[in-house]
Participant: 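Dropping a structure here in structure tokens format, bear with me for questions.
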There are 2 protein chains.
Amino acid sequence: MSSITQAGLKTENASGSRILLLDPAPPSGNGAAGASTDTHRFDAQPLIASLERRDALSDEERQALRDLPWRLKRYGDSEEIVAEASRPTESCLLVDGIAARSRHLANGNRQLTALHVSGDFVDMHGFFLKVMDHAVVALTPVTVAFVPHRDVQRLATEMPHLGRMLFMMVAIDAAIQRNWIACMGRMEPIRHLAYMVCEVYKRLEIVGRVENGSFDFPLTQAEIADLVGLSIVHTNRTLQDLRATGFTTWKGNRIVIHDWDGLAKLADFDPTYLNLFHHPR
Amino acid sequence: MSSITQAGLKTENASGSRILLLDPAPPSGNGAAGASTDTHRFDAQPLIASLERRDALSDEERQALRDLPWRLKRYGDSEEIVAEASRPTESCLLVDGIAARSRHLANGNRQLTALHVSGDFVDMHGFFLKVMDHAVVALTPVTVAFVPHRDVQRLATEMPHLGRMLFMMVAIDAAIQRNWIACMGRMEPIRHLAYMVCEVYKRLEIVGRVENGSFDFPLTQAEIADLVGLSIVHTNRTLQDLRATGFTTWKGNRIVIHDWDGLAKLADFDPTYLNLFHHPR
DNA sequence: CGCTGGGTTGATCGGTGTCAATTCGTGTGG
DNA sequence: CCACACGAATTGACACCGATCAACCCAGCG
């Protein structure tokens with residue numbers, strides 16, 4: 001596996017896709033920093049890896065993905081990538097970092113309704129929905145690639161199988177969200193957190209962001225709380241309970257999994273919903 | 001609007017689609033009753049109404065939908081329409097009644113993760129996902145129409161716009177689920193219930209199942225509890241609180257909305273996510 | 001007329017949110 | 001090098017929301 005830093009620096013590539021060298025991401029913790037636009041050719045590998053985990057792509061399909069008119073952009077920690085109520089004319093793909101869909105409630109609270117990692121075609125939803133009913137925000141410094149809706153539409157029309165593969169990602173997102181609903185409604189907080197660790201682990205593994213059972217996950221506890229729908233204080237205490245199981249070490253920006261089976265059992269985690277199997281689609 | 005009974009009896013049709021006369025649905029409350037297969041030509045109107053609320057369909061597209069090789073089937077209350085872990089080769093469209101996606105947890109609890117009404121292409125998800133990670137169950141007697149995946153695929157390939165419209169329903173389902181996550185995570189139960197009433201009202205209105213601000217919603221409180229992730233007792237008490245607002249009467253099988261604005265304000269309900277506007281897609 | 005399933009109520013207890021204070025870690029400026 | 005500021009993590013105290021258990025009511029039905 002190629003060496004990858006958190007900022008998306010990619011120094012080698014075994015699969016023949018273009019090589020991208022980016023400057024380091026802008027400093028984190030500065031929501032006011034303007035996002036930078038970057039004209040480098042982007043790295044389609046996370047997306048391709050994610051798709052090929054579900055069905056084979058032909059050389060033409062892989063090339064067609066790379067040949068889309070991507071527009072690269074960077075965002076700092078906590079910056080907004082897509083605004084609520086906006087009408088995007090481009091879809092965005094998360095190349096590197098972690099982002100989330102965020103919904104603001106009238107009482108001032110927010111709930112994060114989806115988590116996205118490298119290779120996620122975050123705004124395929126916007127391709128269908130036209131008006132954003134939520135925002136997409138960066139939870140770490142991220143690199144995002146935008147592509148006009150019309151090009152996605154053309155691609156899907158000219159290459160129906162590839163189109164289905166892209167739309168499949170929407171269906172997988174929906175499956176993930178259904179499992180979140182189940183977690184929120186019927187699981188004790190410790191199981192819910194364990195579930196989140198399991199899911200993120202599996203999703204990062206697909207795109208090569210896991211080494212030796214550990215991965216970066218630099219979210220604050222306030223962000224975790226908004227993900228699982230708990231208060232910050234209770235999130236903190238539940239995290240301590242989770243650490244006490246010994247199944248995982250979750251300290252600072254890094255999560256280490258010591259006992260996958262124990263963690264998966266605690267979380268009642270069944271990866272079927274992630275569709276991690278090859279199948280004609 | 002044509003007159004429509006809960007069982008799907010349709011006696012007239014302003015839009016020129018075929019007319020269907022079905023026998024009454026099987027008696028409810030009998031989960032053991034076998035589902036019946038029905039060879040009548042089915043009524044595509046709810047689906048077409050649902051799609052045309054989002055973008056215009058051509059005559060050819062409407063006809064192509066009707067000409068799909070639908071296979072009609074009825075299910076009694078609480079029957080399973082699609083089993084967990086099954087590998088369906090057909091997608092199913094809910095023609096009449098109410099159904100839900102159901103996820104079973106290890107502790108014996110269940111959580112309903114989505115609600116479906118007439119016109120919902122319930123198992124477009126299965127078209128992409130191949131293995132069911134959840135079950136689809138009837139919450140009332142329902143009429144379901146099945147169509148082979150290969151025909152959906154052929155249709156989407158030959159008529160790309162129509163294909164996008166069908167896939168859009170998956171994206172809308174996902175948007176609905178994101179709002180459920182926000183409801184579960186950050187809303188008081190009474191607001192959550194109010195939200196559910198608002199959403200069901202809007203969705204039933206699209207397919208002509210609302211008259212004078214009221215509609216049938218024959219779910220037990222146990223089912224409501226599994227929808228919102230509360231205990232039965234607490235669901236009961238919260239329902240009483242909701243009735244006490246006077247915004248809505250929810251008694252037995254029928255919900256009447258007396259004060260939409262009050263209810264929507266209580267629920268912080270913004271229908272943007274339902275995409276109830278015409279737009280080229 | 002009793003059975004049954006759904007709805008309702010009361011009592012109790014643990015889980016969870018809230019408020020407030022303290023500690024920790026890191027970057028900044030003197 | 002130290003003092004300080006700031007955000008994040010942590011801890012304690014306390015109130016209350018919501019789950020659980022156990023009755024009881026009620027309507028439909030055999």
Participant: Can you see if the side chain of N236(B) gets near the phosphate of dG7(C) - specifically, an N or O under 4.0 Å from OP1 or OP2?
Facilitator: no
Participant: Mind calculating the distance between CH2 (W250(B)) and C1' (dT8(C)) to the nearest angstrom?
Facilitator: 16 Å
Participant: What is the distance from NE2 of H192(A) to C1' of dG15(C), rounded to the nearest Å?
Facilitator: 17 Å
Participant: Does a salt bridge link E188(B) with R191(B), judged by any charged N lying under 4.0 Å from a carboxylate O?
Facilitator: yes
Participant: Tell me: CG of L193(B) to C1' of dG18(D), nearest whole Å?
Facilitator: 13 Å
Participant: Any ion pair linking E80(B) and R101(B) (charged N to carboxylate O, less than 4.0 Å)?
Facilitator: no
Participant: Please find the pair of heavy atoms, one from M196(A) and one from L227(A), that lie closest to each other, and give the distance.
Facilitator: SD-CD1, 3.9 Å
Participant: Provide the closest heavy-atom pair for I172(A) versus Y273(A) in the form atom of the first, atom of the second, distance.
Facilitator: CG2-O, 4.4 Å
Participant: If only side-chain N and O atoms of R243(B) are considered, is one of them under 4.0 Å from the OP1 or OP2 phosphate oxygen of dG7(C)?
Facilitator: no
Participant: Rounding to a whole Å, what distance do you find between L230(A):CG and dG15(C):P?
Facilitator: 14 Å
Participant: Measure from NE2 on H234(B) to C1' on dC13(C) and round the result to the nearest Å.
Facilitator: 15 Å
Participant: Examine dG25(C): is either OP1 or OP2 under 4.0 Å from a nitrogen or oxygen in the side chain of K251(A)? Give yes or no.
Facilitator: no
Participant: Quick one: which of dC21(D), dT8(C), dG12(D) gets closest to the side chain of V233(B)?
Facilitator: dC21(D)
Participant: If you look at every strand shown and take non-hydrogen atoms under 4.0 Å, does E188(A) touch a base, only sugar-phosphate, or nothing?
Facilitator: nothing
Participant: Under the 3.5 Å rule, do the base of dG10(C) and the side chain of R237(B) count as making a donor-acceptor pair?
Facilitator: yes
Participant: Using a heavy-atom cut-off of under 4.0 Å over every strand shown, decide if S231(A) touches base, sugar-phosphate, or nothing.
Facilitator: base
Participant: Provide, to the nearest angstrom, the distance between the CD atom belonging to E223(B) and the P atom belonging to dG6(C).
Facilitator: 8 Å
Participant: What integer distance in Å separates M187(B):CE from dT16(C):P?
Facilitator: 21 Å
Participant: Once you round it to whole Å, what is the distance between P of dG7(C) and CZ of F217(B)?
Facilitator: 12 Å
Participant: Ring centres of W260(A) and Y201(A) under 6.0 Å apart?
Facilitator: yes
Participant: On DNA chain C, check which nucleotide each of R186(B) and I232(B) is closest to and give me the residue with the more 5' one.
Facilitator: I232(B)
Participant: According to a strict under-4.0 Å criterion, is Q240(A) in side-chain N/O contact with OP1 or OP2 of dA9(D)?
Facilitator: no
